[in-house]
Amino acid sequence: QVQLVESGGGLVQPGGSLRLSCAASGIIFRIDDMGWYRQVPGKQREFVAVITRGGTTNYADSVKGRFTISRDNTKNTVYLQMNSLKPEDTAVYYCNADVLAAIRGNYWGQGTQVTVSS
């Protein structure tokens, strides 16, 4: 009933920027925390950034100063502005959200590929 859909991934050169979006749809009462995670083939999914409904943010040390997470509660959407991208940022980026609907649940999007290469 609830879906998360990421968009905005693509190919950029080192030092470039991308802006990822994740929109939640369905019959939703409220979304609490929303976050971004990333995964490289053969490795575990890792935390990137999270934002509470009130706007409090936390970032992985590897992206601090380069990435900015934000959200628009009226659109049930979370964003990840990625600047100064490095090759090691290459991964599939997944959106995660704690959603209050008919039943409280935690949801994952399908992921959007980010590739940083020259």
Side-chain angles (χ1 to χ4, degrees):
Q1 188 168 106
V2 176
Q3 279 194 302
L4 305 179
V5 180
E6 301 95 334
S7 62
L11 175 64
V12 297
Q13 295 184 345
S17 298
L18 283 174
R19 182 175 174 84
L20 307 183
S21 299
C22 172
S25 62
I27 302 175
I28 298 170
F29 177 72
R30 190 181 78 227
I31 302 178
D32 293 324
D33 292 356
M34 301 186 82
W36 290 95
Y37 296 72
R38 64 188 183 187
Q39 188 167 27
V40 176
K43 296 186 178 181
Q44 292 191 348
R45 190 170 300 183
E46 68 172 348
F47 166 79
V48 175
V50 66
I51 184 169
T52 69
R53 183 171 181 82
T56 301
T57 60
N58 281 290
Y59 299 90
D61 288 341
S62 59
V63 306
K64 285 182 179 178
R66 300 187 298 120
F67 292 9
T68 302
I69 188 170
S70 61
R71 65 190 289 171
D72 184 340
N73 291 336
T74 67
K75 298 179 179 179
N76 287 334
T77 299
V78 64
Y79 307 93
L80 186 68
Q81 178 66 47
M82 304 185 294
N83 299 325
S84 302
L85 283 162
K86 305 174 181 179
E88 51 262 45
D89 294 319
T90 296
V92 176
Y93 284 70
Y94 295 91
C95 176
N96 178 270
D98 292 318
V99 179
L100 298 184
I103 301 175
R104 183 194 303 273
N106 180 265
Y107 296 85
W108 289 98
Q110 82 291 341
T112 183
Q113 176 69 48
V114 172
T115 302
V116 186
S117 176
S118 60

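Below, all heavy atoms of this structure are taken into account, side chains as well, without hydrogens, waters or symmetry copies. Along the sequence shown, residues are numbered consecutively beginning with 1.
- Applying the side chain to side chain contact (heavy atoms under 4.5 Å, CB included) rule to S25 yields the partners Q3; only residues at least two apart in sequence or on another chain are considered.
- Using cut-offs of 30° and 60° on the angle between ring planes, the pair Y37 and W108 is perpendicular.
- Proximity of a side-chain donor or acceptor of Y59 to a complementary backbone N or O of I69 within less than 3.5 Å is detected.
- Nearest heavy atoms, C95 versus V78: SG-CG1, 3.7 Å.
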(request) Evaluate the side chain to side chain contact (heavy atoms under 4.5 Å, CB included) criterion for residues S62 and R38: first the C-alpha distance (whole Å), next the side-chain angles of each, then the deciding distance (0.1 Å), finally the verdict. (result) CA-CA 12 Å; S62 59; R38 64 188 183 187; 3.4 Å; yes

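- Within a 6.0 Å sphere centred on CD of Q44, other residues, nucleotides and ligands contribute 12 heavy atoms or fewer.
- Cluster membership for F67 and V92, using ILVMFWY side-chain heavy atoms within less than 4.5 angstrom, is not shared.
- When each of I51, V99, D98 is tested with D33 by the rule side-chain contact (heavy atoms from CB on, under 4.5 Å), just one qualifies, namely D98.
- No chain of hydrophobic side-chain contacts below 4.5 Å, direct or via other Ile, Leu, Val, Met, Phe, Trp or Tyr residues, connects Y79 to L4.
- Residues V50 and I31 are members of separate hydrophobic clusters, defined by side-chain heavy-atom contacts under 4.5 angstrom among Ile, Leu, Val, Met, Phe, Trp and Tyr.
- Two residues are said to be in side-chain contact when any heavy atoms from C-beta on lie closer than 4.5 Å; Y93 and C22 fail this criterion.
- Across I27 and Q1, no two heavy atoms sit closer than the pair CB-OE1, 3.8 Å.
- When every heavy atom of V12 is checked against every heavy atom of S17, the shortest pair comes out as CG1-O, 3.8 Å.
- Enclosure of atom CZ in R104 is not indicated, since only 12 or fewer non-hydrogen atoms of other residues, nucleotides or ligands lie within 6.0 angstrom.
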(message) One pair to check against salt bridge (charged side-chain N to carboxylate O under 4.0 Å, His left out): K86 and D89. What are the steps and the verdict?
(response) CA-CA 5 Å; K86 305 174 181 179; D89 294 319; over 6 Å; no

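- Cluster annotation: L80 is not connected to F47 through the hydrophobic network of ILVMFWY side chains, with a link wherever side-chain heavy atoms come within less than 4.5 Å.
- Exactly one residue among D72, T77, N76 makes a side-chain hydrogen bond (donor to acceptor under 3.5 Å, both in side chains) with T74. That residue is D72.
- Between D32 atom CG and M34 atom CE the span is 10.5 Å, to the nearest 0.5 Å.
- A donor-acceptor distance shorter than 3.5 angstrom exists from the side chain of T90 to the backbone of V116, with no hydrogens or angles considered.
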(request) Evaluate the side chain to side chain contact (heavy atoms under 4.5 Å, CB included) criterion for residues L11 and S117: first the C-alpha distance (whole Å), next the side-chain angles of each, then the deciding distance (0.1 Å), finally the verdict. (result) CA-CA 7 Å; L11 175 64; S117 176; 4.3 Å; yes

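- Here the CZ-OG distance, from R71 to S21, works out to 14.0 Å after rounding to the nearest 0.5 Å.
- Remark: the backbone N or O of T112 is not paired with any side-chain donor or acceptor of E6 at under 3.5 angstrom.
- M82 and Y94 are members of different hydrophobic clusters when ILVMFWY side chains are connected at heavy-atom separations under 4.5 Å.
- Remark: side-chain polar atoms of R66 are paired, donor with acceptor, to backbone N or O of S84 under 3.5 angstrom.
- N96 contributes a side-chain N or O that, together with a main-chain N or O of Y107, makes up a donor-acceptor pair within less than 3.5 Å.
- Q39 contributes no side-chain N or O that, together with a main-chain N or O of A91, makes up a donor-acceptor pair within less than 3.5 Å.
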